[in-house]
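Data first, discussion second: the structure below is written as structure tokens.
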2 protein chains.
Amino acid sequence: MKTRDRILQTSLQLFNEQGERNVTTNHIAAELGISPGNLYYHFRNKTDIIYSLFIQYRALVDRYLRVPRDRTLTIEDQMFYLESVFDGLWYYRFFHRDLEYLLTTDERLRMDYREFTFQCLTEVRAVLQGLEDAGILHPHSDQEQEAMALNVWLVVTNWMAFLKTARADGGNDATSQQELKQGIYQVLTLQLPYLTDSYYDQMAAIRERYRPQLSRVQPEAEGS
Amino acid sequence: MKTRDRILQTSLQLFNEQGERNVTTNHIAAELGISPGNLYYHFRNKTDIIYSLFIQYRALVDRYLRVPRDRTLTIEDQMFYLESVFDGLWYYRFFHRDLEYLLTTDERLRMDYREFTFQCLTEVRAVLQGLEDAGILHPHSDQEQEAMALNVWLVVTNWMAFLKTARADGGNDATSQQELKQGIYQVLTLQLPYLTDSYYDQMAAIRERYRPQLSRVQPEAEGS
DNA sequence: TGACTATTAGAGTAGATACTCTAATAATGA
DNA sequence: TCATTATTAGAGTATCTACTCTAATAGTCA
């Protein structure tokens, strides 16, 4: 593997494990067993590494989040999107952690991420539309659909942050990838009241499979 | 005003303006025109300052987020809670920005914030229950209510982060406090499908008042 | 082979950053 | 008044961090 790719790979791993803020360029070089000079030969600076990782992430999402406009969708279609989205979020999980700071230090990233966000929102709306056209969801008004899509986005992109704050430990282990999928439960909760009678039971059953094991997260039922 | 309080006040201001990560203890001292030694006489370290600000924030929330259990709620009750919550989020807006990092560096903060989260979730559920009992919302199942409360929490606590990422500029100016309130629109969107017929129009009208001026945020309607 | 380019090592640096230490000054209270 | 405590100044420091510079080495291709 090319040095450049190894740098990206190791950076991603260290960022994910320790958070971007705690990982310096020297750490990355040391972990790889290369010199700082070598690292800076391949990347102008740390920001450049992060930007390249974002490009990878975007490419990943672009690869699977292609919602067809020429046919209606099935429940399975949506489940595939949801599973894929959460897998991507997990794989590049450092990214949404320090997102705000990253965006303030890199104008280019800010613009590209902004565009990426709106593209994703468009795809989310296409999913909702596809489910409406299939008679799975009751139709939304245009504005309601837009607001709904935004809520889906908020829940999806911030579920992991919530998990981290809600767990007693900082919870960065492999268990968490499974827990992350419980975000799907939350997304499906958003759709619950819009389900048509013919599909309610099916969707509710699927949703059940993702129900959070809140015992892990929540304190023992304490009479608040 | 006592030096200790001035330190907290100035720290909050600088954190809000520049982000916790970009504000050093030396900056705070310089801004106040006091010596670093003086600052460290009042606070053991930066973490200690942040923790004290969290205590302030929590006290603020505790003061207004007291949902009565002995009577049903009105729509106005909920609007008061929502307005107050977003005001609080704005006033201590640095906090949710770097939340994840802050929680990893301060065990005490992590535990207290976790407890705070669950208390807030309990109050959100009490609001939903109060609206159900008042016949404003169709009743949720217990689990649905729980998941719904969690979604409300996710939308409320992350709306600001979304705004910052979605605006072309980093948007930290006073305009943003008004935009922040548009999060209320998103929260009310969550409730929309649960509204009973008798209250739908009233709530929908109120919600309209908070509709995002997305022109500010979104790119000119571009054919995706 | 030899000239040229691509890659790498590694020592080094300017600037931060969080925090300490000592001594001076103010406030307080007997 | 004077002893004691609370507060403050400000110089200083160990450590870190992102990044640079030079020289060596490896690869390529005519």
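The shown structure was predicted, so the numbers you read here are calculated from the model rather than taken from an experiment. Heavy-atom basis, side chains included; hydrogens, waters and symmetry copies ignored. Labels below follow one simple rule: chain letters A, B, ... track the order of the sequence lines, proteins then strands, and each chain is numbered from 1.
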Name every donor-acceptor pair, under 3.5 Å, that has one atom in a side chain of residues 4-15 of chain B and the other anywhere in the protein, sequence neighbours excluded.
from    : atom 1 : to      : atom 2 : distance (Å)
B:Thr10 : OG1    : B:Arg6  : O      : 3.1
B:Ser11 : OG     : B:Ile7  : O      : 2.7
B:Gln13 : NE2    : B:Glu17 : OE2    : 3.2

*Quick one: which residue pairs count as a salt bridge (charged side-chain N to carboxylate O under 4.0 Å, His left out) with a foot in residues 46-57 of chain B, not counting sequence neighbours?*
B:Glu20-B:Lys46, B:Asp48-B:Arg108
Side-chain donor-acceptor contacts of residues 79-88 of chain A below 3.5 Å, not counting sequence neighbours, with atom names and distances?
from    : atom 1 : to       : atom 2 : distance (Å)
A:Tyr81 : OH     : A:Arg66  : O      : 3.4
A:Glu83 : OE1    : A:Lys181 : NZ     : 2.5
A:Glu83 : OE2    : A:Tyr210 : OH     : 2.5
A:Ser84 : OG     : A:Phe80  : O      : 2.7
A:Asp87 : OD1    : A:Lys181 : NZ     : 3.3

*Could you run down nucleotides 6-18 of chain D 5' to 3' and tag each one B, S or - for protein heavy-atom contact under 4.0 Å?*
SBBBB------SB
*Considering residues at least two apart in sequence or located in another chain, which fulfil the side-chain contact (heavy atoms from CB on, under 4.5 Å) criterion with B:Gln191?*
B:Gln78, B:Leu128, B:Leu131, B:Leu137, B:Met148, B:Leu188, B:Met203
*Report the residues that fulfil ring pair (Phe, Tyr, Trp, His ring centres under 6.0 Å) with A:Phe54, sequence neighbours left out, ordered by chain and then residue number.*
A:Phe95, A:Phe116
*Would you mind reading off the distance between A:Leu39 atom CG and D:dT20 atom P, rounded to a whole angstrom?*
12 Å
*For the helix from C:dT1-D:dA30 to C:dA30-D:dT1, figure out the bend between the end axes, five pairs an end, and round to 10 degrees.*
0°
*Between the side chain of B:Glu100 and the main-chain N/O of A:Lys164, is any donor-acceptor distance below 3.5 Å?*
no
*salt bridge (Lys or Arg N to Asp or Glu O under 4.0 Å) against A:Arg125, all qualifying residues, sequence neighbours excluded*: A:Asp142
*Quickly work out the B:Arg44 CZ to C:dT20 C1' distance and round it to whole Å.*
14 Å
*Taking only residues two or more places apart in sequence, or in another chain, which ones meet A:His42 in a ring pair (Phe, Tyr, Trp, His ring centres under 6.0 Å)?*
none
